[in-house]
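When reading the values below, keep in mind they use all heavy atoms of this one structure, side chains included, and skip hydrogens, waters and symmetry mates.
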Amino acid sequence: MTELLGSRAILVPVVALVAWTLIMLLWMYAKRMPALAKADKSALSKPGLRGNDLDGVLDDKVQWSAHNYNHLMEQPTIFYAIAISLALLGAGGGISLIFAWLYVGFRVAHSITQATVNLLPIRFMLFIASSLCLFVLTIRAIMVLAQA
């Protein structure tokens with residue numbers, strides 16, 4: 001399949017991370033909905049209530065998947081931008097593809113860690129590893145642009 005996509009192969013990990021994000025959305029709802037049904041209704045009736053306002057209302061473990069879903073709305077936006085840029089530059093294969101998949105793998109591992117055991121040292125190492133992948137992808141794009 002990657003041979004068929006050529007330099008656009010980097011779009012496969014992009015789609016994979018979007019799919020993972022939607023899985024985390026379902027995980028969040030699967031944890032939150034039963035907890036919301038049992039929660040103090042007066043705490044839920046505040047106008048303008050946001051998901052983070054549920055911290056302290058719902059059990060911490062229920063909120064972990066929600067916190068991770070929010071994290072998937074943050075740094076991965078940079079990944080989407082750089083991966084799509086590399087695809088458009090014709091540099092979405094090879095080393096770019098390897099680091100894109102590494103990024104996705106680290107983000108999935110980060111999600112599973114945060115939504116289950118939520119140990120900060122492990123999460124932090126996974127975050128740093130994924131961030132390093134973003135640096136490599138960005139440097140790759142800079143090098144391709146410099147050669148143009």
Side-chain angles (χ1 to χ4, degrees), residues 1-36 39 44 46 48-148:
M1 180 197 239
T2 55
E3 295 82 25
L4 290 174
L5 292 172
S7 66
R8 294 178 298 168
I10 200 167
L11 297 177
V12 178
V14 167
V15 173
L17 189 56
V18 170
W20 177 254
T21 301
L22 294 173
I23 289 168
M24 286 307 301
L25 177 68
L26 294 174
W27 190 339
M28 175 184 71
Y29 281 126
K31 293 292 245 175
R32 266 192 178 169
M33 297 313 269
L36 285 169
L44 302 176
K46 174 185 164 191
L49 188 71
R50 297 173 302 134
N52 287 342
D53 295 332
L54 296 174
D55 289 343
V57 174
L58 301 181
D59 184 67
D60 288 345
K61 289 182 180 181
V62 169
Q63 287 293 86
W64 290 350
S65 57
H67 294 159
N68 183 262
Y69 179 75
N70 289 338
H71 291 162
L72 290 169
M73 296 296 118
E74 296 168 351
Q75 190 193 59
T77 60
I78 299 169
F79 168 72
Y80 298 135
I82 199 65
I84 292 168
S85 296
L86 286 163
L88 292 172
L89 290 168
I95 195 79
S96 299
L97 182 60
I98 291 167
F99 276 91
W101 276 117
L102 285 170
Y103 181 81
V104 171
F106 288 132
R107 291 309 306 203
V108 169
H110 180 274
S111 292
I112 292 169
T113 300
Q114 186 168 20
T116 58
V117 296
N118 205 9
L119 296 173
L120 185 61
I122 297 170
R123 282 180 35 219
F124 184 67
M125 287 187 326
L126 292 166
F127 177 78
I128 293 298
S130 65
S131 297
L132 291 173
C133 292
L134 281 180
F135 276 106
V136 170
L137 292 168
T138 303
I139 290 166
R140 176 81 176 115
I142 291 168
M143 290 170 50
V144 169
L145 286 169
Q147 293 174 357

- Ser7 versus Ala91, closest heavy-atom pair with distance: CB-N, 3.9 Å
- Query: Atom OG1 in Thr21, atom NE2 in His71: separation rounded to 0.5 Å?
  - Reply: 13.0 Å
- Is there side-chain contact between Leu72 and Ser111, with heavy atoms separated by less than 4.5 Å? yes
- Message: Please enumerate all residues that pass ring pair (Phe, Tyr, Trp, His ring centres under 6.0 Å) together with Phe106, with sequence neighbours excluded.
- Response: none
- Do any pairs count as a ring pair (Phe, Tyr, Trp, His ring centres under 6.0 Å) and have a residue in residues 76-98, sequence neighbours left out, and if so which ones? Phe79-Tyr103
- Using side-chain hydrogen bond (donor to acceptor under 3.5 Å, both in side chains) as the criterion, list what pairs up with Ser65, not counting sequence neighbours. none
- Item | For Thr138, all residues meeting side-chain hydrogen bond (donor to acceptor under 3.5 Å, both in side chains), sequence neighbours excluded | none
- Message: The criterion is side-chain contact (heavy atoms from CB on, under 4.5 Å); which residues satisfy it with Tyr29, sequence neighbours excluded?
- Response: Leu25, Met33
Side chains of residues 125-137: which donor-acceptor partners sit under 3.5 Å, not counting sequence neighbours?
from	atom 1	to	atom 2	distance (Å)
Ser130	OG	Leu126	O	3.3
Ser130	OG	Phe127	O	2.8
Ser131	OG	Gln75	NE2	2.8
Ser131	OG	Phe127	O	2.9

- Message: If you define the side chain from C-beta out and look only at heavy atoms, does anything of Gln114 sit under 4.5 Å from Met24?
- Response: no
- Minimal non-hydrogen separation, Arg32 against Gly51, with atom names: NH2-O, 3.2 Å
- Would you indicate whether the side-chain heavy atoms of Leu54 and Leu49 approach each other to under 4.5 Å? yes
- Query: Any side-chain heavy atom of Lys31 sitting closer than 4.5 Å to one from Gln63?
  - Reply: no
- Query: Of all residues at least two apart in sequence or in a different chain, which pass the side-chain hydrogen bond (donor to acceptor under 3.5 Å, both in side chains) check with Trp27?
  - Reply: none
- Item | Qualifying residues under side-chain contact (heavy atoms from CB on, under 4.5 Å), relative to Ile95, sequence neighbours excluded | Phe99, Arg140
- Note on the structure: Separation between OG (Ser96) and CD1 (Ile10), nearest 0.5 Å, reads 5.0 Å
- Set of salt bridge (charged side-chain N to carboxylate O under 4.0 Å, His left out) partners for Asp59, sequence neighbours left out: none
- Interatomic spacing from OH in Tyr69 to CG in Leu26 - rounded to 0.5 Å: 9.5 Å
- Message: Going by side-chain contact (heavy atoms from CB on, under 4.5 Å), name the residues that satisfy it together with Ile112, two or more places apart in sequence or in a different chain.
- Response: Trp20, Val108, Thr116
- Query: Under the side-chain contact (heavy atoms from CB on, under 4.5 Å) test, which residues partner Leu11, sequence neighbours left out?
  - Reply: Arg8, Ile84, Ala87
